[in-house]
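Let me begin by presenting the structure, written as structure tokens, before commenting on it.
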Amino acid sequence: MATVMQKIKDIEDEMARTQKNKATAHHLGLLKAKLAKLRRELLTPSSKGGGVAGEGFDVTKSGDSRVGLVGFPSVGKSTLLNKLTGTFSEVASYEFTTLTCIPGVITYRGAKIQLLDLPGIIEGAKDGKGRGRQVISTARTCNCILIVLDAIKPITHKRLIEKELEGFGIRLNKEPPNLTFRKKDKGGINLTSTATTTHLDLDTVKAICSEYRIHNADITLRYDATADDLIDVIEGSRVYMPCIYVVNKIDQITLEELEILDKLPHYCPISAHLEWNLDGLLDKIWEYLNLTRIYTKPKGMNPDYEDPVILSSKKRTVEDFCNRIHKDMLKQFKYALVWGSSAKHKPQRVGKEHELEDEDVVQIIKKV
């Protein structure tokens, strides 16, 4: 492990020394590719070293969605978990109180949202320091990240945490790169672009591909992509997720300071201790998770508005709905009746590919 960490440090030092210009783009692209490979090694070490990687962090996924609380020690993550879920996570005024991953569940708008209080992240987590590897591995399984910041500490902490998460392939509030990468058997590296590119040229692309032992591929850029974007696509293990910056302890700052913080994108001010704006935070979590509630209607009965079936915004067809209820339901599926905003008339008879909207009512008609 020490040798991998030393290699990472050497590459980071060399990148810091290298001036960024057109002449060095090719060299920097190569270094970034080497760095990405080493970080992947840290995240998935060989099995020889024993099984401590997941110790205390193997939290069974439950509920409809998972939200992770990430932040430096003593920013109020445990207090926030206690107030939102009623789960007891030890709270103290000294650092590193939480040493394992504590789960809690919030029931909000009919959805069960699992909230994980991850141990305080420290600088260098992405390089295996502290218990950073377990924290970040668990963070990768979440549907949304809450970066909890202390209003009375420097706002630069935000950038430090982003850097740790990005180092392990978590991309916050970003869309996957709009480029196509396709390996082939022969023909070398072909680069085509439908937009003006200033970061990537054929030499840089070839250097990055050669680091991954890829010598034949077609690459199409649809925007001004960077070396990092290309590496993300080649690695293929990047996680793109929404993130909310929760600024805690706002009761300890002035109104003027709060107005400055207000300019941050994706930001939510709270005081966990005094329970200020926790409803506003829950609303924002709901918005960022982008869940779809579907109500069931048994034949001849009223819809069940108490216990909705929760679907993700990306998987909300009638087929996804059936699979969520029971894996065998599709075998007996004939058609569905839908009431709500996705239906052109009430009810509309639809097939399993029909896309549902939030708060639709669905009745499944089975084959006789």
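Along the sequence shown, the residues carry numbers beginning at 1. Since the model is a prediction, treat every value here as computed from it, not as a measurement.
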Item to check | Euclidean distance, K7 NZ relative to E41 CD, rounded to 0.5 Å | outcome: 6.5 Å
Item to check | Which atom of A139 lies closest to which atom of I170, heavy atoms considered | outcome: CB-CD1, 4.0 Å
Checklist entry - Considering all heavy atoms of both residues, which atom of P73 and which atom of K153 are nearest to each other, and what is their separation? => result O-NZ, 4.5 Å
Next on the checklist: Quick one, V67 with Q114, criterion side-chain contact (heavy atoms from CB on, under 4.5 Å). Give me CA distance, side-chain angles, the key distance, then yes/no.
Outcome noted: CA-CA 6 Å; V67 175; Q114 187 181 42; over 6 Å; no
Checklist entry - Donor-acceptor pair, S193 side chain versus A195 backbone, under 3.5 Å? => result yes
Checklist entry - Short question: side chain of R316, backbone of L356 - any donor-acceptor pair under 3.5 Å? => result yes
Item to check | CA sep, side-chain torsions, deciding dist, call: N248, W276, side-chain contact (heavy atoms from CB on, under 4.5 Å) | outcome: CA-CA 9 Å; N248 190 21; W276 288 359; over 6 Å; no
Checklist entry - T226 and D229: side-chain donor and acceptor closer than 3.5 Å? => result yes
Checklist entry - Is a salt bridge present between E235 and R40, judged by a nitrogen-to-oxygen distance below 4.0 Å? => result yes
Next on the checklist: If the threshold is 4.0 Å, N to carboxylate O, is there a salt bridge linking K331 and D328?
Outcome noted: yes
Checklist entry - Is a side-chain donor or acceptor of D64 paired with a backbone partner of I310 at a separation under 3.5 angstrom? => result no
Checklist entry - Linking I/L/V/M/F/W/Y whenever any side-chain heavy atoms sit under 4.5 Å apart, do Y267 and L160 land together? => result yes
Item to check | side chain to side chain donor-acceptor pair (under 3.5 Å) between E14 and H27, worked out | outcome: CA-CA 10 Å; E14 190 177 342; H27 179 58; 2.7 Å; yes
Checklist entry - Do the charged groups of D13 and K9 touch, with an N to O distance under 4.0 Å? => result yes
Checklist entry - How long is the gap from CG on D224 to OG1 on T198, to the nearest 0.5 Å? => result 3.5 Å
Next on the checklist: Would R171 and Y240 count as a cation-pi pair here, with the cationic atom under 6.0 angstrom from the ring centre and within 45° of the axis?
Outcome noted: no
Next on the checklist: In the structure I gave you, are the side-chain heavy atoms of I161 and V70 within less than 4.5 Å of one another anywhere?
Outcome noted: yes
Checklist entry - Can you list the steps and then say if I147 with C243 is a side-chain contact (heavy atoms from CB on, under 4.5 Å)? => result CA-CA 7 Å; I147 292 182; C243 170; 3.8 Å; yes
Next on the checklist: Is it the case that the side chains of Q363 and Y335 hold a donor-acceptor pair, with the cut-off being a distance below 3.5 Å and no angle test?
Outcome noted: no
Next on the checklist: Could you check whether any side-chain heavy atom of L84 comes within less than 4.5 Å of a side-chain heavy atom of L282, counting everything from C-beta outward?
Outcome noted: yes
Next on the checklist: Is there a path of hydrophobic side-chain contacts, each under 4.5 Å between heavy atoms of I/L/V/M/F/W/Y residues, joining I294 to I365?
Outcome noted: no
Item to check | D150 side-chain N/O to V75 backbone N/O, donor-acceptor pair under 3.5 Å | outcome: no
Checklist entry - Are L35 and I8 close enough that some pair of their side-chain heavy atoms sits under 4.5 Å apart? => result yes
Checklist entry - Between E257 and T254, do the side chains contain an N or O donor and an N or O acceptor separated by less than 3.5 Å? => result yes
Checklist outcome for this item: The side-chain contact (heavy atoms from CB on, under 4.5 Å) partner of L149 among L261, V246, I155 is I155
Checklist entry - Any sub-3.5 Å donor-acceptor pair from N143's side-chain atoms to S65's backbone N or O? => result no
Item to check | Backbone of Q19 reached by a side-chain donor or acceptor of T24 within 3.5 Å | outcome: yes
Checklist entry - Just wondering, do K297 and V362 contact through their side chains at under 4.5 Å, heavy atoms? => result no
Next on the checklist: If we ignore hydrogens and angles and just use 3.5 Å, is the side chain of H273 paired with the main-chain N or O of E275 as donor and acceptor?
Outcome noted: no
Next on the checklist: Taking the six-membered ring for Trp, are Y305 and Y295 closer than 6.0 Å centroid to centroid?
Outcome noted: yes
Checklist entry - Can K206 and E211 be counted as an ion pair, charged N to O under 4.0 angstrom? => result no
Checklist entry - Under the 3.5 angstrom rule, does the side chain of T317 hit a backbone N or O of D320 as a donor-acceptor pair? => result yes
Item to check | Worked check of side-chain contact (heavy atoms from CB on, under 4.5 Å) between L179 and V233 | outcome: CA-CA 8 Å; L179 62 91; V233 171; 3.7 Å; yes
Next on the checklist: Is it true that, when you exclude K184 itself, more than 12 heavy atoms of the residues, nucleotides or ligands shown sit nearer than 6.0 Å to its NZ?
Outcome noted: yes
Item to check | K346 NZ: over 12 foreign heavy atoms closer than 6.0 Å | outcome: yes
Item to check | Within one Ile-Leu-Val-Met-Phe-Trp-Tyr cluster: L28 and L200, side-chain cutoff 4.5 Å | outcome: no
Next on the checklist: Side-chain heavy atoms nearer than 4.5 Å, only ILVMFWY residues, links allowed to pass through others: does that put I231 and V239 together?
Outcome noted: no
Item to check | Min side-chain heavy-atom separation L337-Q348 under 4.5 Å | outcome: no
Checklist entry - Are I208 and L30 side-chain neighbours, meaning at least one heavy-atom pair lies under 4.5 Å? => result no
Item to check | Same apolar cluster: I11 and Y212, side chain cutoff 4.5 Å | outcome: no
Checklist entry - Are any of the side-chain heavy atoms of Y108 and D283 separated by less than 4.5 Å? => result yes
Checklist entry - Residues in salt bridge (Lys or Arg N to Asp or Glu O under 4.0 Å) with K112, at least two apart? => result none
Checklist entry - What is the distance from atom CZ of R182 to atom OG1 of T220, rounded to the nearest 0.5 Å? => result 8.5 Å
Next on the checklist: Tell me whether T85 contacts the main-chain N or O of L81 through its side chain, where contact means a donor paired with an acceptor under 3.5 Å.
Outcome noted: yes
Checklist entry - Salt bridge check: are K158 and E164 linked by an N-O gap of less than 4.0 Å? => result no
Checklist entry - Would you say H157 has more than 12 foreign heavy atoms packed within less than 6.0 Å of its NE2? => result yes
Checklist entry - Side chains of D360 and W339: closer than 4.5 Å at any heavy-atom pair? => result no
Item to check | N216 side-chain N/O to G188 backbone N/O, donor-acceptor pair under 3.5 Å | outcome: yes
